[in-house]
Amino acid sequence: MNLVPCRYRVESSRPETADTVSLTLVPVDTPIPPPLPGQFTMLYAFGIGEIPISVSGTTGDKLVQTIRAVGAVSKQLTSCRPGDIVGVRGPYGTDWGVPAPAGADLVVIAGGIGLAPLRPVIRHAVAARDRYRHVAILIGSRTPAELLFTDEYADWRRAGVEVRTTVDRADTSWSGHVGVVTTLLDGLPVDPEESAAFVCGPEVMMRLSAEALIDAGLPASKMRVSLERNMRCGTAVCGHCQLGPLLLCRDGPVVGYDHVAALMTCGEL
């Protein structure tokens with residue numbers, strides 16, 4: 001395993017929200033292996049440090065990584081401009097497990113920045129639309145201005161995907177649904193025998209979404225969630241990302257809900 005960051009050049013920087021940017025990266029050195037949907041990289045801002053960032057898209061050797069500015073490293077990365085050089089290690093962790101079984105209904109539930117690691121799942125579902133029956137994407141954010149990838153929703157709908165959105169706090173520009181993302185499940189056709197669910201967002205949102213899906217009849221074994229802890233090495237050595245018996249950089253971030261339901265109720269783990 002290569003622990004030395006590979007150099008990537010910033011090809012473009014696209015603002016998504018006031019504090020979130022998508023960087024398109026092209027390899028300067030030998031590229032990392034192609035990430036699977038749900039995997040992450042350790043993204044390095046030279047002279048500052050590195051952080052785990054999910055891969056929100058790939059095209060050939062190019063990576064798209066969507067970053068929210070919340071700390072020193074992420075703020076440096078979101079300020080990158082075309083031509084800047086960053087370091088990339090990986091890919092690390094588990095994936096979403098797509099393609100799902102043919103003929104299944106797919107339910108994708110995203111909260112806030114959680115839409116970024118789910119975007120490859122959505123792109124797969126759009127590209128392989130004939131493989132699945134009903135495909136539903138439920139997206140929640142705190143405000144309308146914090147919704148990600150809004151210019152792609154129309155394309156997803158044109159492909160035959162149902163897209164539902166909601167916000168916690170509306171403003172004068174918003175005429176859509178207001179409420180937590182679990183309220184978007186009302187009336188959603190879910191076949192408990194032939195469905196797969198993918199959930200990513202704040203931990204409490206994922207737990208409540210999983211519980212709502214269970215109430216709708218979907219077994220926990222057919223749900224996958226993406227968990228986040230303080231990942232430092234990406235190689236299951238440092239132990240910072242421990243969650244009970246799991247090291248999430250190795251055993252996650254994507255985990256079957258049936259394996260972590262009990263762990264997600266213990267805030268001190």
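Atom set for the values below is all heavy atoms of this structure, side chains included, hydrogens, waters and symmetry mates excluded.
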Residues passing the side chain to side chain contact (heavy atoms under 4.5 Å, CB included) test with Glu194, sequence neighbours excluded, are Arg133, Asp191
Honestly curious: do Val107 and Val98 fall in one hydrophobic cluster under the side-chain, below-4.5 Å linking rule?
-> no
Should Asp84 and Arg81 count as an ion pair when the cut-off is N to O under 4.0 Å?
-> no
What pairs of donor and acceptor atoms, side-chain ones from residues 256-264 against any protein atom, are under 3.5 angstrom apart with sequence neighbours left out?
none

Check whether any side-chain heavy atom of Arg129 lies under 4.5 Å from a side-chain heavy atom of Val161, and answer yes or no.
-> yes
Check whether any side-chain heavy atom of Val55 lies under 4.5 Å from a side-chain heavy atom of Pro91, and answer yes or no.
-> no
Members besides Tyr44 in its Ile/Leu/Val/Met/Phe/Trp/Tyr cluster (side-chain heavy atoms under 4.5 Å) = Val28, Phe46, Ile85
Sub-4.5 Å side-chain heavy-atom contact between Ile139 and Val163 | yes
Of the non-hydrogen atoms in Pro82 and Ser12, which two are nearest, and what is the gap between them?
-> CG-CA, 4.2 Å
Ile32 versus Leu63: any side-chain heavy-atom pair under 4.5 Å?
-> yes
Distance from Asp105 atom CG to Glu193 atom CD, nearest 0.5 Å?
-> 11.5 Å
Measure the spacing between OG of Ser79 and CD1 of Ile67 and express it to the nearest 0.5 Å.
-> 9.5 Å
Partner of Leu77 under side chain to side chain contact (heavy atoms under 4.5 Å, CB included), chosen from Ile51, Val10, Ile48 | Ile51
Between Glu211 and Arg207, is there a side-chain N and carboxylate O pair less than 4.0 Å apart?
-> yes
Looking only at heavy atoms, which two atoms of Ala116 and Leu148 are closest? And how far apart?
-> N-CD1, 4.3 Å
Pairwise distance CD1(Ile122) to CG(Asp155) - rounded to 0.5 angstrom | 12.0 Å
Heavy atoms only: give me the nearest Gly179-Asp168 pair and the separation to one decimal.
-> O-OD1, 3.8 Å
Consider only side-chain heavy atoms of I, L, V, M, F, W and Y, link residues closer than 4.5 Å, and tell whether Val254 and Ile53 are in one cluster.
-> no
Please report the shortest heavy-atom distance between Leu218 and Ala197, naming the atom on each side.
-> CD2-CB, 3.7 Å
Cluster overlap Leu248 with Met206, hydrophobic side-chain contacts below 4.5 Å = yes
Here the gap from Thr265 atom OG1 to Glu203 atom CD, rounded to the nearest 0.5 Å, amounts to 10.0 Å
Check against side-chain hydrogen bond (donor to acceptor under 3.5 Å, both in side chains), Thr66 and Ser22 | CA-CA 4 Å; Thr66 301; Ser22 289; 2.8 Å; yes
Sort out for me which residue in Ile113, Val64, Leu118 forms a side chain to side chain contact (heavy atoms under 4.5 Å, CB included) with Ser56.
-> Val64
Only pairs at least two apart or in different chains count here, so list each ring-ring contact (aromatic ring centres under 6.0 Å, His included) that has a residue in residues 102-133.
-> His124-Tyr132
Under 3.5 Å, is there a donor-acceptor pair between the side chain of Gln65 and the main chain of Ser54?
-> yes
Take Tyr8 and Thr41 through the test side chain to side chain contact (heavy atoms under 4.5 Å, CB included) and record every step on the way to the result.
-> CA-CA 12 Å; Tyr8 276 68; Thr41 71; over 6 Å; no
Test side chain to side chain contact (heavy atoms under 4.5 Å, CB included) applied to Leu188 and Leu138, step by step = CA-CA 10 Å; Leu188 189 71; Leu138 315 182; 4.2 Å; yes
Value rounded to 0.5 Å, distance of CD in Gln242 from CG in Asp251 | 10.0 Å
Going only through I, L, V, M, F, W and Y residues with side-chain contacts under 4.5 Å, is there a path from Trp156 to Val108?
-> yes
With distance as the sole test, does Gln76 use its side chain to make a donor-acceptor pair with the main-chain N or O of Ala45 at under 3.5 Å?
-> no
Heavy-atom side-chain contact between Pro35 and Thr58 under 4.5 Å | yes
Kindly indicate, with the supporting measurements, whether the criterion side chain to side chain contact (heavy atoms under 4.5 Å, CB included) is fulfilled by Ile109 and Leu213.
-> CA-CA 10 Å; Ile109 306 178; Leu213 288 167; 3.9 Å; yes
So, do Pro37 and Phe198 sit near enough that their side-chain heavy atoms are less than 4.5 Å apart?
-> no
Shared hydrophobic cluster for Val255 and Leu36 (ILVMFWY, side-chain gaps under 4.5 Å) | no
Donor-acceptor pair, Gln39 side chain versus Gly93 backbone, under 3.5 Å?
-> yes
Decide if atom CZ of Arg157 counts as having more than 12 heavy atoms of other residues, nucleotides or ligands within a radius under 6.0 Å.
-> yes
Mind checking side chain to side chain contact (heavy atoms under 4.5 Å, CB included) for Pro253 and listing every partner two or more places apart, or none if nothing turns up?
-> Phe40, Thr94, Ser226, Met231
Backbone N or O of Gly71 within a donor-acceptor pair of the Ser74 side chain at under 3.5 Å?
-> yes
Test item: Val199 and Met205 side chains (from C-beta on) under 4.5 Å apart, heavy atoms | yes
Keeping to residues at least two apart or across chains, list the salt bridge (Lys or Arg N to Asp or Glu O under 4.0 Å) pairs with something in residues 47-76.
-> Glu11-Lys62, Glu50-Arg89
Looking at OG1 of Thr183 and CZ of Arg164, how far apart are the two atoms once the value is rounded to the nearest 0.5 Å?
-> 9.5 Å
Pro144 and Trp174: which non-hydrogen atoms are nearest, and at how many Å?
-> CG-CB, 3.7 Å
Is Leu208 close to Val180 at the side-chain level, that is, under 4.5 Å between some pair of heavy atoms?
-> no
Which atom names give the shortest non-hydrogen contact between Cys249 and Ala236, and what distance separates them?
-> SG-N, 3.0 Å
